[in-house]
K.L.:
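Mind looking over this structure? Questions follow.
Heavy atoms only: backbone and side chains are in, while hydrogens, waters and symmetry mates are out.
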Amino acid sequence: MVNKVILIGNLGADPEVRFAQNGTQITTFNVATTETWMKEGNREEQTEWHRIVTFANLAKTCGDYLSKGSKVYIEGQLRTQKWEDKDGNPRKTTEIVGRVVKFLSPKGSVDQGHGGGYGQGEPPMSDAPSMEDDVPF
């Protein structure tokens, strides 16, 4: 069985940080992905919102470095949580448990489309050289 999600999108708000009873950091944030197309000469678009949750070291890194508007690459898996609200009504939400998060916008910059990345608590990655320089034609 495979349960894998890959997204590239922008944060809609600053991440929310909280701690489990055992002290594990949990960071959640919402990422928007937008699809655009042309229909009868007009540009159409549809935006989907995705709830992302990260844990432990990755959660700390996301909480420290992400902010509203940040562009991110996410790899994770879908998870559905079920519960009852205060009135006893059944509720559920589907979220993505982030396993790899790469930052595509530098801290303090919004949607620049470049920058470092982090995955599972890794240190920042250096900027990769441009692929255009390697094209033989």
Side-chain angles (χ1 to χ4, degrees):
M1 304 275 176
V2 175
N3 179 358
K4 184 167 186 170
V5 176
I6 298 174
L7 300 172
I8 295 176
N10 295 85
L11 270 70
D14 289 341
E16 297 176 16
V17 176
R18 65 183 193 278
F19 294 87
Q21 289 182 349
N22 67 3
T24 300
Q25 184 166 334
I26 302 167
T27 301
T28 58
F29 50 95
N30 294 315
V31 172
T33 56
T34 302
E35 179 182 6
T36 59
W37 66 93
M38 297 298 289
K39 181 178 179 182
E40 299 174 7
N42 296 318
R43 182 181 159 141
E44 302 276 331
E45 70 177 34
Q46 179 177 347
T47 300
E48 294 287 334
W49 287 94
H50 314 276
R51 180 174 172 83
I52 313 298
V53 60
T54 57
F55 298 93
N57 292 337
L58 183 56
K60 177 164 180 17
T61 303
C62 289
D64 289 347
Y65 292 98
L66 292 177
S67 61
K68 180 179 179 178
S70 297
K71 182 176 270 192
V72 292
Y73 167 95
I74 307 282
E75 284 185 33
Q77 64 189 70
L78 290 175
R79 177 176 73 181
T80 300
Q81 300 275 14
K82 296 179 183 180
W83 75 96
E84 287 187 6
D85 66 15
K86 62 183 178 183
D87 298 324
N89 299 315
R91 299 284 189 187
K92 70 178 182 174
T93 186
T94 300
E95 58 194 9
I96 297 164
V97 177
R99 302 291 186 207
V100 175
V101 177
K102 294 192 180 203
F103 302 161
L104 303 179
S105 298
K107 182 175 170 118
S109 176
V110 176
D111 196 13
Q112 296 297 314
H114 64 281
Y118 294 85
Q120 302 185 27
E122 297 172 5
M125 295 170 46
S126 63
D127 288 333
S130 171
M131 296 300 283
E132 294 174 3
D133 295 337
D134 297 332
V135 179
F137 49 88

K.L.:
Find the distance between OG1 (Thr54) and CD1 (Ile26) and round it off to the nearest 0.5 Å.
P.N.:
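Between atom OG1 of Thr54 and atom CD1 of Ile26 there are 9.0 Å.
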K.L.:
Counting N and O atoms only, with roles assigned by atom type, does the side chain of Ser70 sit under 3.5 Å from a partner on the main chain of Leu11, one being a donor and the other an acceptor?
P.N.:
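Not confirmed, Ser70 side chain does not pair with Leu11 backbone.
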K.L.:
What closest approach, in Å, do Ser105 and Lys71 show between heavy atoms, and which atom pair accounts for it?
P.N.:
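In terms of heavy atoms, the two residues are closest at OG-N, 3.0 Å.
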K.L.:
What are the two closest heavy atoms between Trp37 and Gln46, and how far apart are they?
P.N.:
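The pair with the smallest heavy-atom distance is CZ3-N, 3.8 Å.
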K.L.:
Do the side chain of Asn22 and the main chain of Thr24 share a donor and acceptor less than 3.5 angstrom apart?
P.N.:
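Yes.
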K.L.:
Please, which pairs that meet salt bridge (Lys or Arg N to Asp or Glu O under 4.0 Å) have at least one residue in residues 14-39, sequence neighbours excluded?
P.N.:
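Residue pairs passing salt bridge (Lys or Arg N to Asp or Glu O under 4.0 Å), neighbours aside: none found.
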K.L.:
Show the nearest heavy-atom pair for residues Leu58 and Arg99, with the distance to one decimal.
P.N.:
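Scanning both residues, the minimum pair turns out to be CD2-O, 3.6 Å.
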K.L.:
In Å, rounded to the nearest 0.5 Å, how long is the span from OG1 of Thr27 to CG of Leu66?
P.N.:
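Output value for this atom pair is 9.0 Å.
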K.L.:
CZ/Phe55 to OG1/Thr28 distance, rounded to the nearest 0.5 angstrom?
P.N.:
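Spacing of CZ (Phe55) from OG1 (Thr28) equals 9.5 Å.
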K.L.:
Which salt bridge (Lys or Arg N to Asp or Glu O under 4.0 Å) pairs, counting each pair once, include a residue from residues 41-61, with sequence neighbours left out?
P.N.:
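Matches after skipping sequence neighbours: Arg43-Glu45, Arg51-Glu95, Lys60-Asp64.
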K.L.:
Could you see if Val97 belongs to whatever hydrophobic cluster contains Phe29? Use Ile, Leu, Val, Met, Phe, Trp, Tyr and a side-chain cutoff under 4.5 Å.
P.N.:
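Different clusters.
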K.L.:
Considering non-hydrogen atoms only, spot the tightest contact between Asp85 and Trp83 and give its length.
P.N.:
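Minimum heavy-atom contact is N-CD1, 4.0 Å.
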K.L.:
Would you give the length of the straight line joining atom NZ of Lys82 to atom OG1 of Thr93, rounded to the nearest 0.5 angstrom?
P.N.:
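Here the rounded value is 12.5 Å.
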K.L.:
Which heavy atom in Ser67 sits nearest to a heavy atom in Pro15, and how many Å separate them?
P.N.:
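Of all heavy-atom pairs spanning Ser67 and Pro15, the closest is CA-CD, 4.1 Å.
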K.L.:
Within the 4.5 Å heavy-atom criterion, are Ile52 and Val72 side-chain neighbours or not?
P.N.:
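Side-chain contact under 4.5 Å: no.
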K.L.:
Quick one: does Gln77's side chain get under 4.5 Å of Arg79's, heavy atoms only?
P.N.:
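Sidechains of Arg79 and Gln77: no contact.
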K.L.:
The test is side-chain contact (heavy atoms from CB on, under 4.5 Å); show your working for Val53 and Ile96 and say whether it passes.
P.N.:
CA-CA 6 Å; Val53 60; Ile96 297 164; over 6 Å; no
K.L.:
How long is the gap from OG1 on Thr80 to NZ on Lys92, to the nearest 0.5 Å?
P.N.:
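Output value for this atom pair is 6.5 Å.
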K.L.:
Taking only residues two or more places apart in sequence or in another chain, which ones pass side-chain contact (heavy atoms from CB on, under 4.5 Å) with Lys86?
P.N.:
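Partners of Lys86 by the side-chain contact (heavy atoms from CB on, under 4.5 Å) criterion come out as none, since no residue qualifies.
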K.L.:
Which residue in the set Leu104, Thr33, Val31 passes side-chain contact (heavy atoms from CB on, under 4.5 Å) when paired with Ile8?
P.N.:
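Among the candidates, only Leu104 passes.
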